[in-house]
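As a basis for the values below, the full set of heavy atoms in this structure was taken, side chains included, without hydrogen atoms, waters or symmetry mates.
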Amino acid sequence: MSDDVLNRPPVHALLADGTTVCIRPVTPADHDGLRRFYDEMSPENLRLRFFTVSRRSGALAADRACAPARPGYRALLARTEDRVLGLAEYDTAAYDTAGEKNTAEISIAVGDTLHHLGVGTLLVEHLVSAARADGVTTFTADALSENREVLRLFSDLGLRVTRRFEGPEVRCTIRLDQDDTYLAAVEARGRAADVASLVPLLRPDAVAVAGAGRTPGSVGRAVLHHLKAGGYTHRLFAVNPGVDHILGVPSYPAVGDLPVTPDLVVVAVPAAAVPGVAEECGKAGVRALVVVTAGLDADQARTLLAACRAHGMRLVGPNCLGVANTESGLRLDATFAAGHPRPGTAGVAVQSGGVGIALLDGLSRLGIGVSSFASLGDKYDVSGNDMLQWWECDGRTDLALLHLESFGGPRAFSRTARRVTRRMPVLTVDAGRTAAGRRAAASHTAAAATRTMTRQALFDQAGITATRSVGELLGTAALLHSQPLPAGPRVAIVTNAGGAGVLAADACAEAGLTLPPLTPELVRDLIAVLPEGATAGNPVDATAAVTEEQLTGCLERLTRHPGVDAVLVALVPTAVAAATGDDLVRALTGASGQGTGPVAAVRLEQDLPVRLLPAAGGGAVPSYAEPQAAARALAHAARRSSWLARPAGTVPDLDGVETARAREVVRTFLAAHPDGGLLDPRTCADLLACYGIPQLPWAWAETEDEAVMAAERLRGPDGRVVMKAHWPGLVHKSEQRAVHLDLQGDSQVRAAFRDFENRFAGLLTGAVVQPLAARGTELLAGVVQDEVFGPLVLFGLGGTATEVLGDHAARLAPLTDHDVHDLITAPRCAPLLFGAHGSGPADLEGLEQLLHRLSRMASDLPQLAEADLNPVLATPDRIRVLDARVRLVPRDAQDPYLRRLR
């Protein structure tokens with residue numbers, strides 16, 4: 001059994017009712033607790049578990065689980081602070097004897113009063129994760145045919161289960177493949193549990209504020225005032241010794257003295273007092289905390305989170321603005337923002353309190369309003385992923401706005417976001433774009449990867465609309481909230497002033513939108529309704545003389561034309577009396593909803609960056625003070641439309657992949673190099689071969705004679721070969737002049753090897769000899785294992801200039817077929833691959849296979865710190881790797897989709 005599984009630390013996870021349990025390996029110290037667990041089990045439950053009612057069976061089970069660790073056996077407990085809730089075990093012993101090394105027998109026991117809470121299912125999910133890390137591929141289980149609960153547990157897991165009936169018993173065989181069906185089932189269970197756990201936080205029946213001061217100016221007092229003034233409809237208390245009432249709200253000395261146990265306590269006491277208040281809340285049965293206090297040191301933070309986990313409390317903060325829920329029957333405003341959020345349909349989660357205040361104010365001003373709000377602060381527990389799942393299920397939210405400075409579980413967040421963005425727009429501010437920059441790296445691939453690129457890959461793959469500022473976020477939210485999505489990027493511009501039209505055209509082009517020429521028929525129709533002197537190009541200059549009726553006719557024709565996806569109307573106030581500004585706005589708002597695409601306005605005199613103008617029929621038209629803001633919002637909407645139109649991608653099955661052998665290569669290397677390092681050429685080639693990654697033929701030579709013999713074997717029709725020096729740690733061969741090209745004949749091969757020996761004396765361990773490759777496009781394909789985001793696959797132009805040109809795209813593994821297509825088409829060098837300049841298209845199918853196999857290798861091997869395949873030679877008939885560098889580091893496997901709290 002692998003050390004990472006045996007030493008796996010305890011984790012906390014949520015049951016179906018939202019309560020928190022600890023999942024951890026069994027230890028000898030658990031023996032008494034397990035004996036009590038089985039002693040309290042009813043005879044019927046014992047019979048279903050052991051096929052007998054003998055209490056002796058429970059005692060033996062406790063002995064077995066608490067025995068010293070042994071190969072092939074694993075036992076996990078689910079427990080709270082004071083009792084065992086369930087036990088799940090697997091054992092490979094019987095199958096090891098039969099030669100079936102990858103199969104284990106599983107057993108599950110759950111306490112009598114805990115059925116239907118998901119204890120057994122949660123334990124099995126964690127056991128599946130541990131078993132897969134150990135190389136186990138199949139579970140078997142025996143159950144009585146009348147034990148419907150355990151049989152339903154197996155069938156509902158999302159794994160492939162077969163049953164064989166043997167009299168009164170059923171033999172279940174469970175394949176442990178982690179495919180999308182299983183992950184979707186785990187997500188569904190996790191979503192239900194997560195939402196249940198957030199009810200005390202966002203729909204509390206009673207709230208208390210601990211630390212509400214008696215004098216104005218304290219944060220706690222401000223929160224209490226907001227709760228009362230905001231009209232919170234349930235019971236409200238203050239906690240402050242020595243005073244009976246604060247702001248007319250009854251106050252008590254301690255949480256334990258309250259007449260009812262509150263679901264939610266807002267903690268606004270000094271940092272040193274926070275852990276004690278949290279422990280008091282937990283003992284009283286509080287289910288959720290919002291800690292607005294800032295400045296906790298490491299010990300205080302650790303004690304706070306431990307209290308929340310031990311007592312099953314969800315935690316927002318610390319160092320946060322608070323939470324709010326505008327539901328009419330609740331009106332919860334547990335924040336200290338300047339004003340109350342306007343009720344509406346936008347869900348907001350932020351880490352920065354200042355950004356939160358700006359978004360609450362902007363959404364209220366626009367009239368969009370807020371459904372629920374969470375200022376996550378230092379984000380010890382409740383995260384953006386939690387809030388996305390709440391909004392997905394709350395029945396009110398149709399727009400999600402995020403400002404996240406960090407990601408605790410980006411791959412789980414990505415899966416959640418991919419699902420949620422199919423139902424509603426999810427927008428974010430891409431904060432910290434320039435903070436990371438290029439990090440020092442040991443290869444071209446790592447040098448090319450930046451945190452900005454990684455975040456953008458996450459947003460692109462998940463369908464998240466990433467803006468560059470709070471203003472752009474609000475401008476895009478206004479459009480997505482009020483207008484339909486465009487079918488594409490084609491925009492028609494209408495203006496009553498030529499200069500404004502030019503500015504709008506520039507802004508659209510810069511945002512990646514297109515301004516198609518209007519058809520002759522449409523031009524004739526427009527000229528017929530516009531005033532004399534108007535021009536019907538694109539932009540359409542309606543002139544300052546345009547009337548409300550004429551502008552209405554123009555917009556009706558444009559919004560209904562199949563060659564136009566969106567209409568942007570740039571209006572300026574003029575002294576011409578043909579129409580007032582209000583007349584033209586009325587024409588604009590009347591056109592909204594007439595066609596299938598969005599309508600947006602630019603009014604250069606507008607005092608606010610964005611407004612929503614009421615439209616006929618109860619809708620609204622977004623109006624922007626700058627054409628750039630309008631164009632960016634339309635571009636975001638067009639990208640969302642394109643993302644939604646594309647079906648979800650799939651990760652293909654690959655033949656010829658030898659994962660077990662690859663893991664053995666990794667284990668062998670790290671056993672010899674405990675600190676990790678770059679693989680030597682032979683080990684590197686062996687690892688790539690495990691995944692069927694095509695390499696140019698090569699040979700290893702440690703002497704001059706070996707180099708000559710290798711050249712004889714490898715020479716192509718032109719008789720030329722390439723020689724590359726090698727020593728541990730060598731990365732940039734070209735910079736070291738460690739490559740000899742175009743070698744012909746034995747004498748040149750000998751001379752090249754001697755040159756290496758002379759110049760690299762004391763370093764050289766050997767040389768790689770290869771045939772001179774044919775001409776083709778030199779590409780880069782690589783992987784960087786990000787500590788937070790997981791493996792990132794990069795692709796782009798390769799060769800010696802790869803870092804200078806920076807022509808790269810990136811996606812997070814595992815790659816779907818759509819991700820691979822995006823990788824290949826995104827770089828500027830893409831036209832070369834599709835046959836630009838008459839060179840003929842490259843082997844695109846082979847290139848797709850290479851990227852999929854690289855993605856699989858990165859997903860299988862968490863120890864893969866970097867892989868740099870550069871150059872990869874793309875020709876019309878094949879794809880081959882000419883040079884490869886792989887760096888491994890000791891790293892434990894982490895299951896990114898396992899249900900657990902942060």
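Of the charged side-chain nitrogens involved, none lies within less than 4.0 Å of a carboxylate oxygen, so that R152 and E149 do not count as a salt-bridged pair. Taking the charged nitrogens against the carboxylate oxygens, D299 and R302 do have a contact shorter than 4.0 Å, which makes a salt bridge. Look at E187 and R899 and you find no salt bridge, because none of the NZ, NE, NH1 or NH2 atoms lies under 4.0 Å from a carboxylate O. A salt bridge links R203 with E327: at least one charged nitrogen is closer than 4.0 Å to a carboxylate oxygen. Remark: D381 engages R314 in a salt bridge, criterion side-chain N to carboxylate O under 4.0 Å. Under a 4.0 Å N-O distance rule, the pair D32/R36 does not qualify as a salt bridge. Salt bridge absent: E279 and R309 never bring a charged side-chain N and a carboxylate O closer than 4.0 Å. The pair E166-R164 meets the salt-bridge criterion, with a side-chain N (NZ, NE, NH1 or NH2) lying under 4.0 Å from an Asp/Glu carboxylate O. Using a 4.0 Å cut-off between charged nitrogen and carboxylate oxygen, R235 and D205 do not count as a salt-bridge pair.
Taking 4.5 Å as the limit, every side-chain heavy atom of V316 sits out of range of all side-chain heavy atoms of Y380. L87 is not listed as a side-chain neighbour of L76, based on a closest heavy-atom distance of 4.5 Å or more. The shortest side-chain heavy-atom distance between V323 and S375 does not fall under the 4.5 Å cut-off. Within the 4.5 Å cutoff, side-chain heavy atoms of V170 are placed close to those of S145. Side-chain contact between V110 and L85 is absent, with no heavy atoms from C-beta onward closer than 4.5 Å. At a threshold of 4.5 Å between non-hydrogen side-chain atoms, the residues R175 and V161 do not count as touching. Considering only heavy atoms from C-beta on, W390 stays 4.5 Å or farther from T397 through its side chain. Side-chain contact check for H126 versus R24: every heavy-atom pair is 4.5 Å or farther apart.
By the neighbour-count criterion of 12 heavy atoms within 6.0 Å, atom CZ of R661 is densely surrounded, having more than that number from other residues, nucleotides or ligands. Atom CZ of R422 has more than 12 neighbouring heavy atoms from other residues, nucleotides or ligands inside a 6.0 Å radius.
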Give the intermediate values and the outcome of side-chain hydrogen bond (donor to acceptor under 3.5 Å, both in side chains) for residues S107 and R49.
CA-CA 8 Å; S107 61; R49 166 62 186 88; 3.3 Å; yes

Review point. Should R856 and T659 be marked as a side-chain hydrogen bond (donor to acceptor under 3.5 Å, both in side chains) after you check the CA-CA gap, both sets of side-chain angles, and the distance that decides it?
Key: CA-CA 9 Å; R856 174 68 181 273; T659 302; 3.3 Å; yes

Between D263 and H234, is the side-chain hydrogen bond (donor to acceptor under 3.5 Å, both in side chains) condition met? List the steps. CA-CA 11 Å; D263 287 324; H234 296 246; over 6 Å; no

Could you go step by step and tell me if T92 and Y73 meet the side-chain contact (heavy atoms from CB on, under 4.5 Å) rule? CA-CA 6 Å; T92 64; Y73 177 79; over 6 Å; no

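Of the N and O atoms on the side chains of S383 and D386, at least one donor lies less than 3.5 Å from an acceptor on the other residue. A donor-acceptor contact closer than 3.5 angstrom is absent between the side chains of R171 and T162. In the model, R396 has a side-chain atom that pairs as donor or acceptor with a side-chain atom of N325 under 3.5 Å. Judged by distance alone, the side chains of Y95 and E105 never bring a donor and an acceptor atom under 3.5 Å apart. Side-chain polar atoms of T416 and N385 form a donor-acceptor pair below 3.5 angstrom.
Panel note: side chain D91, backbone A93; a donor-acceptor pair is recorded below 3.5 Å. Within the 3.5 Å criterion, the main-chain N or O of A284 finds a donor-acceptor partner in the side chain of T261. Although no hydrogens or angles enter the test, the distance criterion places a donor-acceptor pair under 3.5 Å between the side chain of T233 and the main chain of G329. A donor-acceptor contact shorter than 3.5 Å links the side chain of D179 to the backbone of Y182. No donor-acceptor pair closer than 3.5 Å links the side chain of R47 to the backbone N or O of T52.
Note: T138 OG1 to N102 CG = 7.5 Å, rounded to the nearest 0.5 Å. In this structure, L157 CG and L159 CG are separated by 5.5 Å, a value rounded to the nearest 0.5 Å. Taking CD1 from I108 and OG1 from T121, the interatomic distance works out to 8.0 Å, rounded to the nearest 0.5 Å. How far NZ of K379 is from CG of L404: 5.0 Å, rounded to the nearest 0.5 Å. Separation of atoms CG (L264) and CG (L332) is listed at 6.5 Å; rounding is to 0.5 Å. We find the CG-CG distance between L315 and D378 to be 10.0 Å, quoted to the nearest 0.5 Å.
Residues forming a ring pair (Phe, Tyr, Trp, His ring centres under 6.0 Å) with Y897 (at least two apart in sequence, or on another chain): none. For R287, there are no side chain to side chain donor-acceptor pair (under 3.5 Å) partners two or more places apart in sequence or in a different chain. For Y38, the ring pair (Phe, Tyr, Trp, His ring centres under 6.0 Å) partners at least two apart in sequence or on another chain are F50. Listed by chain and residue number, R415 satisfy the side-chain contact (heavy atoms from CB on, under 4.5 Å) test with D180 (two or more places apart in sequence, or in another chain). Every residue two or more places apart in sequence or in another chain that forms a side chain to side chain donor-acceptor pair (under 3.5 Å) with D895 is listed here: S129.
Taking every heavy atom of both residues into account, V150 and A143 meet most closely at CG1-CB, 3.8 Å.
Annotation: salt bridge (charged side-chain N to carboxylate O under 4.0 Å, His left out) contacts involving residues 79-88, sequence neighbours excluded, comprise D30-R79.
Under the 6.0 Å cut-off for aromatic ring centres, F139 and Y90 qualify, their centroids lying closer than that.
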